[in-house]
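Shown next, in structure tokens, is the structure this report addresses.
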Amino acid sequence: MKKIFLSFLFISFMLHAVGQVNKKNGSGDYTHSRAPLRPNPYTELPLGAIKPQGWLKEMLTRQKNGATGNLDTLYPLVMNHRNGWLGGDGDQWERGPYWIDGLLPLAYILGDKALIAKTKPWIEWAINSQQPDGYFGPAKDYTAEPGLQRDNSRDWWPKMVMLKILKQYYSATHDQRVITLMTNYFKYQLKELPQKPLDHWTFWARYRGGDNLMIVYWLYNITGDQFLLELGDLLHRQTFDYTNAFLHTDMLSNPGSIHCVNLAQGIKEPIIYYQHHPEQKYLDATEKGFEDIRKYNGMAHGLYGGDEALHGNNPTQGSELCSAVEMMFSLENILAITGKASYADHIEKIAFNALPAQISDDFMRRQYFQQANQVMITRHTRNFDVNHGGTDLCYGLLTGYPCCTSNMHQGWPKFTQNLWYATPDKGLAALIYSPSSVKAIVAGGTAISFNEETDYPFGESVKFTLQVDNKNKPVTFPFHLRIPAWCKKAVIKINDKIWQEAVGNQVIKINREWKSGDRVELALPMHIFKNTWHENSVSIERGPIVYALKIGEEVREVKNDKDPVAYGNSYFEVRPTTPWNYGLNDIADNKLDEHYTFEKEKAISNFPWNAGSVPVSIKTKARLIPSWQLYNEMTGPIPYSVTYQLETAKEEEEIILIPYGATRLRIAQFPVIAR
């Protein structure tokens, strides 16, 4: 009888929560900055207010049907009832919260009751675990067990992930228990951190304290509790000093100086702190940080060599999947606080290139590391800082290291959540482009919705159609639109009439009276351009997409009888069946259109992210370089561009370049040869 009553109570709570989602989304209950925190130019909308459409909805649906929606079944060793975040004696650390940090926003964005139900036990246990002194989460360590992290249960770091989850849960439901838990926990932190600082248990929390600080300021904007500002200053002092490191040290030019994911998470900390202490040095440090990452470690896909420590810009160095999703999340926060259009450009570069390439089409397997120039995906020890039985490039559920198995899920849901923002001028901003719809409140209380139709990032047009809840009443509000830096001249039309032309790297504001049915069309003409990287190699780009060599593939599934607990029962290897060692002709920037032919292959499909379904391609001429061969199951050292008297094939060949995100094998950074 007790079990029946508890089940009924749980179901009732579930229905109440789902009802709250429908009631709250688009309500305009936005959490803007509270003094003395600096007003931010953009504010996140309630979770679920933005809905994906087209190919983006398909990405989230594949997550639902793939590992994100089924990790408890696929990875039961960690995600079952024994997990410490469910009160068990199993894994006590980050992996459980990592999964829910992606599953929960996915569930509420899709409005999927079954997925929401999967998140509930984790939310309920976390809230109910709070102790009288304010501590919450696992509190007991256990002896070692293969495949599990059963120690450091009281470490500050995993709580930061759960705080992110609870913030999202509150955004969707307004469950006031979240506010109570955070208030009590932050009082506990203020009391305990002086004796047990962020690096008391492990060093991870010291480098990732910005995630903690972010939630402290979010809570302050809701409650106004002054002690939170004091705690914020304490957290900043105990967090690794990224401001000084970026401005005054050689950290980013020094291989091995910092863990790649710590950098991806930590780079937002100066900007988070800037909200309370708006000093120019925090903006300068972040901008210089990104510049130096690009200069010393950058790669065409938008990330950097970090396998796992920072490891330079050779295109055969690895880039960790956790770096991709965490850097996207950092950039999303930086964009909202600074309002700089270039940060949105960077989000799109990672999302449309690195992210889809590193995860299998069915969202069941992933690579731990990806390479910008990747021609052999095999189990083999390579020149990475860290190797895991040689499995790091293989597509598997647990290959490399399982932190990415748990953490990859936040990428697309949080990307969706940050397509649109509320603005302090009572308007709405579209800063990142993908097919979607949004419900919001503008002009101090009018409910509206926009439908965004686009083939972006493959197509050049983004069309917005407005609906006002009160169809007979016009409403005046500003509509913000980003013009990417790569766009030379955008054209904005309103109801088929040209309203404005604008150059790139800015946000345009349309402030006018609107009515239901109004249409805004943003035309973003794309052109082919190139960027220069390691050894003067070049990438070929168009709009936000990097184009990489299309290589024939031989795919083989390998049954893993050697070490399945560590690296999974099976994984996929991929080998090339066509040549890859091409050099591109040295073409001046103003002549690229004469030598590169852009083609629309077909209409965009619901899933455009594999070689068989890409809607666009680029064709050009290239020459084989006989001396550039395999080395250690990778491309050998890339020929310097332009090498004097480099031996090449006599005849040119036509090669096909396809979007990076649709490749597994590829050359994305080409050597250049003299014509």
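A quick note: this is a predicted structure, and the numbers were derived from the prediction, not measured.
Pairs engaging residues 31-46 under the salt bridge (Lys or Arg N to Asp or Glu O under 4.0 Å) rule: Glu44-Lys167 [sequence neighbours left out].
Side-chain atoms of Ile267 and Met327, non-hydrogen and from C-beta on, do get closer than 4.5 Å to each other. Residues Thr338 and Pro41 are not in side-chain contact: their nearest non-hydrogen atoms beyond the backbone lie 4.5 Å or more apart. Residues Lys159 and Tyr185 form a side-chain contact, since some pair of their non-hydrogen atoms from C-beta on lies under 4.5 Å apart. Put simply, the side chain of Val538 does not reach to within 4.5 Å of the side chain of Phe529, judged on heavy atoms. Side chains of Asn407 and Val325 form a contact here, defined as non-hydrogen atoms less than 4.5 Å apart. Taking the side chain as every heavy atom from C-beta outward, Phe290 and Tyr343 approach each other to under 4.5 Å. Contact check for Cys260 versus Leu310: no side-chain heavy atoms found under the 4.5 Å cut-off. Asn314 has its side chain out of reach of Asn383: every pair of non-hydrogen atoms, C-beta onward, lies at least 4.5 Å apart.
Of all heavy-atom pairs between Lys281 and Thr243, the closest is O-CG2, 4.1 Å. Annotation for Ile337 and Ile272: closest pair CD1-CD1, 3.8 Å, computed over non-hydrogen atoms. Between Pro52 and Leu60, the closest heavy-atom pair is CG-CD1, 3.5 Å. Across Gln669 and Pro315, no two heavy atoms sit closer than the pair NE2-CB, 3.6 Å. Residues Cys403 and Tyr98 approach most closely at O-CD1, 3.9 Å, considering heavy atoms. Pairing each heavy atom of Met328 with each of Ala351, the nearest pair is CE-CB, 3.8 Å.
No donor-acceptor contact under 3.5 angstrom links the side chains of Asn40 and His32, judged on distance only. Between the side chains of Gln168 and Gln417, no donor-acceptor pair is found at a separation under 3.5 Å. Checking Asp151 against Gln92 by side-chain atom types alone, no donor-acceptor pair falls below 3.5 Å. Between the side chains of Trp93 and Ser153, no donor-acceptor pair of N or O atoms lies under 3.5 Å. In this model, a donor atom of one side chain and an acceptor atom of the other lie less than 3.5 Å apart for Glu269 and His236. If you check the side chains of Asn262 and Arg208, you find a donor sitting under 3.5 Å from an acceptor. Using a 3.5 Å distance cut-off with no hydrogens or angles, the side chains of Trp412 and Gln63 do not pair a donor with an acceptor. Side-chain N/O atoms of Asp385 and His311 include no donor and acceptor closer than 3.5 Å.
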- Message: Go through it in stages, so that I can follow the logic: the residues are Phe415 and Phe352, the test is ring pair (Phe, Tyr, Trp, His ring centres under 6.0 Å), and I'd like the CA-CA distance, side-chain angles, deciding distance and then a yes or no.
- Response: CA-CA 11 Å; Phe415 173 83; Phe352 298 147; 5.8 Å; yes
- Query: Do Tyr282 and His277 pass the ring pair (Phe, Tyr, Trp, His ring centres under 6.0 Å) test, and can you show the C-alpha distance, the side-chain angles, and the key distance before you say yes or no?
  - Reply: CA-CA 9 Å; Tyr282 299 118; His277 300 270; 7.4 Å; no
- Query: Which is it for Thr31 and Trp218 under the side chain to side chain donor-acceptor pair (under 3.5 Å) test, yes or no, and what are the steps along the way?
  - Reply: CA-CA 8 Å; Thr31 306; Trp218 174 80; 4.5 Å; no
- Task: Just do the side-chain contact (heavy atoms from CB on, under 4.5 Å) check on Leu335 and Lys340 with the steps written out, would you?
- Result: CA-CA 6 Å; Leu335 172 62; Lys340 284 195 63 173; 5.7 Å; no
- Item | Step-by-step salt bridge (charged side-chain N to carboxylate O under 4.0 Å, His left out) determination, Glu541 to Lys349 | CA-CA 10 Å; Glu541 307 183 29; Lys349 175 62 72 70; 3.2 Å; yes
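In summary, of the residues considered (Gln317, Met299, Met634), a side chain to side chain contact (heavy atoms under 4.5 Å, CB included) with Gln371 occurs for Met634 alone.
Atoms NZ and OG, from Lys268 and Ser330 in turn, are 3.5 Å apart once rounded to the nearest 0.5 Å. Atoms CG and OG1, on Leu428 and Thr43 in that order, are 11.0 Å from each other to the nearest 0.5 Å. Distance check, rounded to the nearest 0.5 Å: CG of Asp133 to OH of Tyr188 gives 5.5 Å. To the nearest 0.5 Å, the span separating CG on Asn152 from CH2 on Trp201 amounts to 9.0 Å. Rounding to the nearest 0.5 angstrom, the gap separating the CD1 atom in Ile179 from the CG atom in Asp175 is 9.0 Å. Considering CG of Asp155 and CD of Glu94, their distance stands at 9.5 Å, rounded to 0.5 Å.
At distances below 3.5 Å, not a single donor-acceptor pair connects side-chain atoms of Gln238 with backbone N or O atoms of Pro197. Under the 3.5 Å distance criterion, the side-chain polar atoms of Glu230 are left unmatched by any main-chain donor or acceptor of Gln226. With hydrogens and angles ignored, the 3.5 Å screen pairs no side-chain donor or acceptor of Gln370 with any backbone N or O of Gln367. At least one donor-acceptor pair closer than 3.5 Å links the side chain of Thr239 to the backbone N or O of Leu235. At distances below 3.5 Å, at least one donor-acceptor pair connects side-chain atoms of Ser406 with backbone N or O atoms of Pro402. For the pair Gln358 (side chain) and Tyr368 (backbone), a donor-acceptor distance under 3.5 Å is present. In this structure a side-chain-to-backbone donor-acceptor pair under 3.5 Å is missing from Asp307 to Phe384. Side-chain N or O atoms of Asn387 include one that pairs as donor or acceptor with a backbone N or O of Arg382 at under 3.5 Å. In terms of modelled atom types and a separation under 3.5 Å, the side chain of Trp156 and the main chain of Lys196 share a donor-acceptor contact. For the pair Asp91 (side chain) and Asn83 (backbone), a donor-acceptor distance under 3.5 Å is absent.
Between Asp141 and Arg154 no salt bridge is recorded (no basic side-chain N to carboxylate O distance below 4.0 Å). Under 4.0 Å is where a charged nitrogen must lie from a carboxylate oxygen, and between Asp225 and Lys187 no such pair does.
Using the six-membered ring where Trp is involved, Tyr660 and His301 have ring planes that are perpendicular, over 60° apart on the 30 and 60° scheme. In this pair, Tyr273 and His276 present their aromatic rings perpendicular. The plane angle is above 60°, beyond the 30 to 60° band. Using the six-membered ring where Trp is involved, His388 and Phe369 have ring planes that are tilted, between 30° and 60° apart.
Partners of Tyr207 under the ring-ring contact (aromatic ring centres under 6.0 Å, His included) rule, at least two apart in sequence or in another chain, are Phe240. Judged as a side-chain hydrogen bond (donor to acceptor under 3.5 Å, both in side chains), and not counting sequence neighbours, the contacts of Lys288 are Asp292.
Annotation: cation-pi geometry satisfied between Arg294 and Trp533 (NZ/CZ under 6.0 angstrom from ring centroid, within 45° of ring axis). For the pair Lys164 and Tyr169, the cation does not sit on the ring face, since its NZ or CZ is not both under 6.0 Å from the ring centre and inside 45° of the axis. Judged by the 6.0 Å and 45° rule, Arg95 forms a cation-pi pair with Tyr401.
Here the two rings, on Trp125 and Phe136, have centers that are 6.0 Å apart or farther.
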